[in-house]
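The structure under discussion appears below in the form of structure tokens.
The basis for the numbers below is simple: all heavy atoms, side chains too, and nothing from hydrogens, waters or symmetry mates.
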Amino acid sequence: MTRETETLIRRLAEKHTLQEAEFEALVDGYTPEAAALLAAEARKARAAVYGDEVYLRGLIEISNICKNDCLYCGIRRSNARCVRYRLTPAEILQCAHEGYRLGFRTFVLQGGEDAYYTDGVLCPLIRSVKADHPDCAVTLSLGERSRGSYARLREAGADRYLLRHETADEAHYRLLHPPEMSFENRMACLRTLRALGYQVGCGFMVGSPGQTSRMIARDLCFIADFRPEMCGIGPFIPHHETPFRAEPAGSVALTCYLLSILRLIDPTLLLPATTALGTLHPGGRELGLLAGANVVMPNLSPVSVRARYELYDNKICTGEESAQCHACLEARIASVGLRAAVSRGDVRRSPAEGREAAP
Ligand code: SAM
Ligand code: FES
């Protein structure tokens, strides 16, 4: 590790932000030694806010039908080989009941942009989940919708929304998406979600085709500025039925390095150790936790559909029952000296800290 990298790490730990060029230098300064120092600082910052608690989110993959054609994604509409499915509201409720029994207090409803899930379908569903489990949070991850729709879903009781920005660099966004998708709209959706009072999650893939350290630095500046409550980052993994089939996967080590940087940018962030990290490395989620993550998202989808929600190749947990995933992750969390909390796991930040503090 160079003296410059060490100085940047110490400054980030103290001031919680850097200039874009400094973030770029920090990313380029990756060495195992620098990663170890960053991770140690990140664990300290996490412990100061969250102690040893890790939050579990029950992930329900409600549909793999999608109108979009993102070039990296295995469930893109052009993938004619993808066997499509959608869960009914009754099936989704059933998953939530099972999840509650297992100890989940947050349910994440994630899926492709499937026109079946109108507000008329989703609002009663969200109300039912909240009525049956008033001590639980409902997180949605259903892509881009209108302001009116986001408002109705919020009104029905949705607490949080995950919408990765994918990249904060507009030209890079165009490389990853078809022409009909817009960087501006993606960013506008994030601002709308925030204005409507959701706890908001953005995020990006590490090692997506065309990504440079300058672009990662932009992502980090965007996150430092936007101050989301949650941030999902995971390595890009190619899917064999997409235009990016021959592209290399992202790096586990760089993903962990960036998790540590994000923890230092905002010690209060809810930061998952993702399934993609666990897919590229058998101990990937443990490495993510050791780097500063504090959330894991075990799969709660019915086993019959799991393999079909195939965003990338070799996704893990497609054969396991929900109870197995829950137990597996509890053990993994314990193995790195942390504790799976039975809790909604809301962000520990005063509203003023999150919103007004942003420059
Ligand atoms: N449709 C919703 C949306 O657009 O936000 C939610 C589902 S989308 C499939 C969830 C996330 O999966 C995307 O934001 C993307 O970052 C990630 N993803 C998609 N394809 C991937 C791949 N090949 N490797 C790693 N992550 C991928
Ligand atoms: Fe699903 Fe480990 S989290 S089996």
| task | Could you check Glu14 against Arg11 for salt bridge (Lys or Arg N to Asp or Glu O under 4.0 Å), going step by step and ending with a plain yes or no? | result | CA-CA 5 Å; Glu14 196 189 326; Arg11 183 154 357 117; over 6 Å; no
| task | Decide yes or no on side-chain contact (heavy atoms from CB on, under 4.5 Å) for Thr275 and Thr279, but give the supporting numbers first. | result | CA-CA 6 Å; Thr275 305; Thr279 295; 4.2 Å; yes
| remark: Scanning both residues in full, the closest heavy-atom pair of Val121 with Pro124 reads O-CD, 3.5 Å
| said: I need the minimum non-hydrogen distance between Gly232 and Pro272, along with the two atoms involved. | reply: CA-CG, 4.1 Å
| request: Answer yes when Lys67 and Glu113 have at least one side-chain N-carboxylate O distance shorter than 4.0 Å, and no when they do not. | output: yes
| message | Counting the benzene-type ring for Trp, do Tyr150 and Tyr161 have ring centres under 6.0 Å apart? | response | yes
| field | Arg285 and Thr274 side chains, donor-acceptor separation under 3.5 Å | value | no
| Under the 3.5 angstrom rule, does the side chain of His16 hit a backbone N or O of Leu264 as a donor-acceptor pair? | yes
| message | Checking the side chain of Thr17 only, and the main-chain atoms of Ala224 only, is there a donor and an acceptor separated by less than 3.5 Å? | response | no
| request: Cation-pi check, Arg105 to Tyr100: give yes when NZ or CZ is under 6.0 Å from the six-membered ring centre and within 45° of the ring axis, no otherwise. | output: yes
| message | Other residues, nucleotides and ligands only: do more than 12 of their heavy atoms fall within 6.0 Å of CD on Glu170? | response | yes
| Got a donor-acceptor contact below 3.5 angstrom from the His165 side chain to the Gly203 backbone? | yes
| query | Is there any salt bridge (charged side-chain N to carboxylate O under 4.0 Å, His left out) pair reaching into residues 33-59, and which pairs are they, with sequence neighbours excluded? | reply | Arg10-Glu41, Glu41-Lys44, Asp52-Arg339, Glu53-Arg339, Glu53-Arg348
| request: Verify, without hydrogens or angle tests, whether Asp114 (side chain) and Tyr117 (backbone) share a donor-acceptor contact under 3.5 angstrom. | output: no
| said: Under the rule for ring pair (Phe, Tyr, Trp, His ring centres under 6.0 Å), what residues qualify as partners of Tyr30, not counting sequence neighbours? | reply: Tyr257
| query | Could you go step by step and tell me if Leu153 and Arg145 meet the side-chain contact (heavy atoms from CB on, under 4.5 Å) rule? | reply | CA-CA 10 Å; Leu153 300 175; Arg145 303 174 75 96; 3.7 Å; yes
| query | So, does Asp159 use its side chain to make a donor-acceptor pair with the main chain of Thr139 at under 3.5 Å? | reply | no
| message | Main chain of Ala158, side chain of Arg154: is a donor-acceptor contact present, judged purely on distance under 3.5 Å? | response | yes
| Reported CD-to-NE2 distance for the pair Gln94 and His97, which is rounded to 0.5 angstrom | 6.0 Å
| field | His326 vs Phe104, ring-ring contact (aromatic ring centres under 6.0 Å, His included): CA-CA, chis, key distance, verdict | value | CA-CA 9 Å; His326 186 272; Phe104 292 112; 4.9 Å; yes
| message | Please check this pair: side chain of Glu241 against backbone of Asn79, looking for a donor-acceptor N/O pair closer than 3.5 Å. | response | no
| Looking only at side chains, do Thr7 and Glu4 share a donor and an acceptor under 3.5 Å apart? | no
| field | CA sep, side-chain torsions, deciding dist, call: Arg344, Asp135, salt bridge (Lys or Arg N to Asp or Glu O under 4.0 Å) | value | CA-CA 7 Å; Arg344 277 174 51 120; Asp135 52 340; over 6 Å; no
| Residues in ring pair (Phe, Tyr, Trp, His ring centres under 6.0 Å) with Tyr309, at least two apart? | none
| field | Greater than 12 external heavy atoms within 6.0 Å of Gln19's CD | value | no
| said: Using a 6.0 Å cut-off, check whether atom CZ of Arg214 has over 12 heavy atoms from anything other than its own residue. | reply: no
| Backbone N or O of Leu269 within a donor-acceptor pair of the Arg263 side chain at under 3.5 Å? | yes
| said: So does Val54 get a backbone contact from the side chain of Asn294, meaning a donor-acceptor N/O pair under 3.5 Å? | reply: no
| His177/Tyr72 aromatic ring centres below 6.0 Å | yes
| remark: So OG1 of Thr106 and CG of Asp346: to nearest 0.5 Å the spacing works out to 7.0 Å
| Would Leu259 and Leu271 count as a side-chain contact (heavy atoms from CB on, under 4.5 Å) if you check the C-alpha gap in whole Å, the side-chain angles of each, and the deciding distance to 0.1 Å? | CA-CA 8 Å; Leu259 283 170; Leu271 200 54; 3.7 Å; yes
| Would Thr167 and Asp169 count as having a side-chain donor-acceptor pair, cut-off 3.5 Å? | no
| note | Here the pair of heavy atoms bringing Arg76 nearest to Arg84 is O-NH2, 2.8 Å
| request: Could you pull out the closest heavy-atom pair between Gln199 and Val347, with the gap in Å? | output: OE1-N, 3.9 Å
| said: Please check this pair: side chain of His172 against backbone of Pro209, looking for a donor-acceptor N/O pair closer than 3.5 Å. | reply: yes
